[in-house]
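To keep things clear, I will list the structure first and then write my remarks on it.
Each ligand, and each atom within it, is numbered from 1 in the order the structure gives. Numbering of residues begins at 1 and proceeds along the displayed sequence.
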Amino acid sequence: MKFTAAHWGSYQFKDGDPDLTPLAGDPAPSRVGRGWVSAARNRDARVLNPVARKGWLAGDKGAARCDDSFVEISWDRALDLAAAELDRVRQSFGNAAIFGGSYGWSSAGRFHHAQSQMRRMLALSGGYTSSRETYSHAAAEVLFPHILGTSNRAFQDDMTSMPLVTEHCELMLAFGGISARTGQITSAGTSVHEVGPWINALKDAGVRVVTIAPERGEALGDWVAIRPGTDTAFILALIHEIVRLGREDQNFLARCTSGWSQFKRYVLGDSDGIPKTPDWAAKICDLPASRIAKLAETLTEKRVMVSMAWGMQRADHGEQTIWAGMALACVLGQIGQPGTGYAFGYGSTTPVGRGVRLIPWPSFPKVPNAIKDFIPVARITDALLHPSEPYAYNGQTRHYPDLRLVWWTGGNPFHHHQDLFRLQKAWCRPETVIVNEHNWTATARRADLVLPATMSLERDDIMMNRRDPTLLFMSKMFDPVGQARDDFAIFTEISDRLGFRDAFTEGRDTEGWLRHLWAQSENVAKDHGIALPSFDDFRAVGRFDVQDSVDTRVAFQDFVAAPDSNPLSSESGKLTLFNETIAAMDLHNCPGHPTWLPPVEGGVLKPGEFHLISGQPDTRLHGQNDMGAESLASKIQGREVCTLHPDAADALNVHDGDLIKLSSPRGACLCAVRVSELMRADCISLPTGAWFDPQDVNGEMIDVHGNPNALTRDKGCSDLSQGNIAHSCVVRAEKWTGPMPPLRVTRPPVIKT
Ligand SMILES: Nc1nc2c(c(=O)[nH]1)N[C@H]1C(S)=C(S)[C@@H](COP(=O)(O)OP(=O)(O)OC[C@H]3O[C@@H](n4cnc5c(=O)[nH]c(N)nc54)[C@H](O)[C@@H]3O)O[C@H]1N2
Ligand SMILES: Nc1nc2c(c(=O)[nH]1)N[C@H]1C(S)=C(S)[C@@H](COP(=O)(O)OP(=O)(O)OC[C@H]3O[C@@H](n4cnc5c(=O)[nH]c(N)nc54)[C@H](O)[C@@H]3O)O[C@H]1N2
Ligand SMILES: [Mo]
């Protein structure tokens, strides 16, 4: 038996098998994985050879990058060109002109991690401008160190374990829901999927789940169909009502928080004249005031977990929602106890709240980056359009770098960024764009040089994830498609041309590196009392399971038990409900305590307008596997499918399977319709990930495949975090009766030489 792994799960196979079988013991293998092998073998979607843009080869720097005139070139020429261009840019403009932020999920596997490979090479070349935080939870990453005194990563690691919630919690307030859809995924790979089984266990244990979300998703408990973007107002009203009842946990607030008096003045309206009552929130949230008041009362009678999906903060003023959620949990006073308190990200990926020992397995070693400049990750378009202009970030005034060379490996900005039409304009600013990819993604199509990379099915690697008890030797399943090469091989050759090959490889080939990583793992394991087999034995067997790996955790347990002797590293040593540091930044879009700030778009809509919810797709990981069987089969007439309420369908005169056009001031896209009761009538949900395919239709540029980022707004959550606001978006919808242009998402015409 051989094994392999992806972010969507682990698999086994025998030589010659046409497809993979989910790893034995996985209770709920993912749907995403069903499309993996067919996506990998889809030669039309794979980059088969190195190619260069014709205009760029002719010396045309920065011109329209979307003209699809690629020329096939040899690997030697491609590598010569890439190395020469990197050298030219660093000599002419300095290494800060090279953007190596290269955000994206790439693939699982400890050695062939695409960004690590690229950044090691770029660091050895003198450095690069990097990016900070993620598209997943930038607002939390910047906010949590202030208010919780812990990094988001540490908070994830410390999250109260799911089995304790099943055992001790009576009422789970699930903002954004808890979903096995997103629970399919684990960054770096997983041996089991436990979110679906956990949802069932919650039901069996009789835990009452209240899902607060504009779409109901999986039928789990009561549904509070809140208007998007208004959760902060809802939470403030819950707190107001609890205080009115005199049931706030004064002991907890005094022992474990700072700033309650300032925050309470705001909630009661003493500081701004607006009491945050259920009546006040009812209009904002489009919910009955009596329901908010009743829920508040119930909360004070139960053992409660306040759980927030990551998507809650991918919105304008996203910091406020998660801060308000933390404040509610403080008012209820059950943080630090088993199964109750405050959680961020249950179900958003598999391992959040997984009760296992964390083992810090080694990764491909970094080289220090001599360039200290960075951008907040979602400010890429602004950076390209506005070099050297100022922007605010976490209390600093910074200036955008002047980027001349963009090198992207293992990510897809023309998937992940908001307002893709704006990104497309900005994309013409750098002189050169180089992309390592295995697929003809929208980003690859907008590169000057495309270097075909292997997929993990085409190479050996090791899956080891500090949050998973199983280590797998990932065996190559088939030969690389076309001329694809490993990123490691590509960057070795570039390093060779720039004179630092030995520093890059440290004299090791792939097998040498796998052995080296394993040797380091053996040391890490020893520190944890675990004896790993030899590399050769591990490779022969393919799988190693850490025994006695269960380790349940209660977030903030030590702190709450003795706040004075175990202070947090926040400014006050406590959970901050009013934060002096943030208040001193004097930001109108992120004040010193959780505050209701209406989103830049949203609120009460006009007829024909809808809130767009663009969550994660069920059939793929972002854009990955979109050209595999599972994702393709889920489309209608080849287009992505959006979900809307029967009343919305009536108003638009559409039925299941019809096409509609969604548009916003940023752009437009076509998608197919599925009608469902499980959606607010003023919302449309269109998953991310359909490969962006803008075409001229009757004189208008429309993405004809159904990518929500044709519509979304490119703006930071606030001057604190500058995270993306994908979920704050209003669109217009209309039935589409126009032409349906054929998709152009697979290999563009390539001129053979
Ligand atoms: N509207 C909207 N937009 C969103 C979101 C949303 O909720 N709404 N969510 C955001 C979030 S949370 C995220 S994390 C981002 C995700 O955005 P991305 O992480 O950029 O999306 P992926 O499709 O996973 O892109 C990874 C790319 O790496 C390539 N790749 C995989 N393995 C390798 C490899 O070994 N070598 C090389 N060279 N390439 C490889 C894949 O082919 C793929 O194109 O999207 C964000 N965008
Ligand atoms: N199948 C699959 N799973 C994935 C991924 C994938 O691409 N495919 N990507 C992974 C990644 S990178 C990430 S970061 C996570 C993201 O995980 P999440 O952020 O948890 O997932 P999302 O689908 O973005 O949104 C979660 C929920 O937020 C709700 N929501 C949207 N706006 C509002 C609002 O204003 N108020 C309330 N109360 N709810 C709202 C939506 O209805 C949706 O149910 O998913 C991971 N899991
Ligand atoms: Mo993400």
### Query
If every non-hydrogen atom of S634 is compared with every non-hydrogen atom of V641, which pair is closest and at what distance?
O-CG2, 3.5 Å
### Message
For Y135, does the six-membered ring have the charged nitrogen or CZ of R314 within the cation-pi criterion, i.e. under 6.0 angstrom from the centroid and within 45° of the normal?
### Response
no
### Task
Show which atoms of ligand 2 fall inside a sub-4.0 Å distance from at least one heavy-atom site of Q184.
1 (N)
### Task
Distance to 0.1 Å, residue and atom name: give those for the protein heavy atom nearest to atom 28 (O) of ligand 1.
G410 C, 3.1 Å
### Query
Does ligand 1 have a heavy atom under 4.0 Å from the side chain of A114, from its backbone, from both, or from neither?
side chain
## Note on the structure
Numbered in order shown, the ligand 2 atoms found under 4.0 Å of a heavy atom of G311 are 18 (P), 19 (O)
### Task
Run the ring-centre check on H113 versus F364 and record whether the distance is less than 6.0 Å.
no
### Residue pair H112 / D486, side-chain heavy-atom distance below 4.5 Å
yes
### Message
Among all protein heavy atoms in this structure, tell me which lies nearest to atom 12 (S) of ligand 2, with the distance rounded to 0.1 Å.
### Response
H622 NE2, 3.0 Å
#### Entry: Distance-only N or O hit between ligand 1 and G623, under 3.5 Å
yes
### Task
Indicate, as side chain, backbone, both or neither, the part of Q616 found under 4.0 angstrom from ligand 2 when only non-hydrogen atoms are considered.
both
### Query
Contact between W310 and ligand 1, counting heavy atoms under 4.0 Å?
no
### Query
So does R680 pair up with D286, basic N to acidic O under 4.0 Å?
yes
#### Entry: Heavy-atom nearest neighbour of atom 20 (O) of ligand 1 within options H416, H112, H438
H416
### Query
What are the atoms of ligand 1, with element, lying closer than 4.0 Å to any heavy atom of S136?
12 (S), 14 (S)
### Task
Report yes or no: does a heavy atom of R459 sit under 4.0 Å from some atom of ligand 1?
yes
### Message
Yes or no: does H7 have any heavy atom under 4.0 Å from an atom of ligand 1?
### Response
no
### Task
Identify, for atom 32 (N) of ligand 1, the protein heavy atom at the shortest distance, and state residue, atom and that distance.
S107 OG, 3.1 Å
### Query
Looking only at N/O atoms, are M312 and ligand 2 under 3.5 Å apart anywhere?
no
### Task
Distance to 0.1 Å, residue and atom name: give those for the protein heavy atom nearest to atom 37 (C) of ligand 1.
D487 OD2, 3.5 Å
## Note on the structure
ligand 1 atoms nearer than 4.0 angstrom to some heavy atom of T441 are 44 (O)
### Message
Please check whether W105 reaches ligand 1 - meaning an N/O of the residue sits under 3.5 Å from an N/O of the ligand, judged on distance alone.
### Response
yes
### Message
So for ligand 2, is R227 a polar contact partner (N or O within less than 3.5 Å, distance only)?
### Response
no
### Query
Quick one: does G615 get an N or O within less than 3.5 Å of an N or O on ligand 2?
no
### Message
Checking a contact table here: which protein heavy atom is nearest atom 1 (N) of ligand 1, and how many Å away?
### Response
N709 OD1, 2.8 Å
### Task
State the atoms of ligand 2, each with its element, that fall below the 4.0 Å cut-off from a heavy-atom position in A309.
20 (O)
### Query
With atoms numbered from 1 as shown, which atoms in ligand 2 lie under 4.0 angstrom from a non-hydrogen atom of D231?
34 (C), 35 (O), 36 (N), 37 (C), 38 (N)
### Message
Could you tell me, atom by atom, which parts of ligand 2 come under 4.0 Å of a heavy atom of I185?
### Response
2 (C), 3 (N), 4 (C), 5 (C), 47 (N)
### Task
Heavy-atom distances under 4.0 Å are what count here, so tell me which part of P617 touches ligand 2: side chain, backbone, both or neither.
both
### Message
Could you tell me, atom by atom, which parts of ligand 2 come under 4.0 Å of a heavy atom of G229?
### Response
34 (C), 35 (O)
### Task
Could you check if a side-chain atom of M463 sits within less than 4.5 angstrom of a side-chain atom of S10, using non-hydrogen atoms only?
yes
## Note on the structure
Hits for side-chain contact (heavy atoms from CB on, under 4.5 Å) against S107, two or more places apart or cross-chain, chain-then-number order -> S456, R459
### Query
Taking the six-membered ring of F414, is the NZ or CZ of R446 close enough (under 6.0 Å from the centre) and on axis enough (within 45°)?
yes
### Task
Using a 4.0 Å heavy-atom cut-off, say whether H417 meets ligand 1 through its side chain, its backbone, both or neither.
neither
### Task
Find all atoms of ligand 2 within a distance of less than 4.0 Å from any non-hydrogen atom belonging to E215, and give their numbers and elements.
41 (C), 42 (O), 43 (C), 44 (O)
### Residue and atom name of the nearest protein heavy atom (relative to atom 8 (N) of ligand 1), distance in Å to one decimal
S614 O, 2.8 Å
### S348 neighbourhood, listing ligand 2 atoms whose heavy-atom distance to it stays under 4.0 Å
15 (C), 17 (O), 18 (P), 20 (O), 45 (O), 46 (C), 47 (N)
#### Entry: Atom indices of ligand 1 within 4.0 angstrom of N412 heavy atoms, with elements
20 (O), 25 (O), 44 (O)
### Query
When you measure from atom 25 (O) of ligand 2 to every protein heavy atom, which one gives the shortest distance, and what is it?
H727 NE2, 3.9 Å
### Message
Looking only at the aromatic ring of each residue, does the gap between the centers of W407 and Y128 stay below 6.0 angstrom?
### Response
no
### Message
Side chain, backbone, both or neither: which applies to R314 and ligand 1 if a contact is any heavy-atom pair less than 4.0 Å apart?
### Response
side chain
### Query
Quick check: does T409 get an N/O under 3.5 Å from an N/O on ligand 1?
no
### Query
Can you find a non-hydrogen atom of Y135 under 4.0 Å from ligand 2?
no
### Qualifying salt bridge (charged side-chain N to carboxylate O under 4.0 Å, His left out) pairs with a residue from residues 410-423, counting only residues at least two apart or across chains
D382-R422, R422-D714
### Heavy atom of A315, distance to ligand 2 below 4.0 Å
no
### Task
Take Q320 and T232 through the test side chain to side chain donor-acceptor pair (under 3.5 Å) and record every step on the way to the result.
CA-CA 6 Å; Q320 304 309 313; T232 304; over 6 Å; no
### Task
Ignoring hydrogens, just give me the one of E437, M118, Q624 whose non-hydrogen atom is nearest atom 42 (O) of ligand 1.
E437
### Message
Any nitrogen or oxygen of T182 lying under 3.5 Å from a nitrogen or oxygen in ligand 2? Just yes or no.
### Response
yes
### Atom indices of ligand 1 within 4.0 angstrom of H415 heavy atoms, with elements
16 (C), 17 (O), 18 (P), 21 (O), 45 (O)
### Query
Below 3.5 angstrom, do we get any N/O pair linking T688 and ligand 1?
no
### Message
Determine whether R467 and E194 satisfy the following criterion, salt bridge (Lys or Arg N to Asp or Glu O under 4.0 Å), listing intermediate values before the conclusion.
### Response
CA-CA 13 Å; R467 299 192 204 167; E194 59 251 283; over 6 Å; no
### Task
Report the nearest protein non-hydrogen atom to atom 26 (C) of ligand 2: residue, atom name, distance rounded to 0.1 Å.
G176 O, 3.9 Å
### Query
At the 4.0 Å heavy-atom cut-off, does Q418 count as touching ligand 1?
yes
## Note on the structure
Near A453 (heavy-atom distance under 4.0 Å), the atoms of ligand 1 are 36 (N), 37 (C), 38 (N)
### Message
Out of all atoms in ligand 1, which are within 4.0 Å of some heavy atom of A726? Include the element for each.
### Response
1 (N), 2 (C), 6 (C), 8 (N)
### Task
Determine, using heavy atoms of R620 and all atoms of ligand 2, whether some pair is separated by less than 4.0 Å.
yes
### Query
Heavy atom under 4.0 Å from ligand 1: found in N436's side chain, backbone, both, or neither?
both
### Task
Report yes if P214 has an N/O atom closer than 3.5 Å to an N/O atom of ligand 2; otherwise report no.
no
### Task
Kindly indicate, with the supporting measurements, whether the criterion side chain to side chain donor-acceptor pair (under 3.5 Å) is fulfilled by R354 and T190.
CA-CA 11 Å; R354 176 182 272 178; T190 186; 2.7 Å; yes
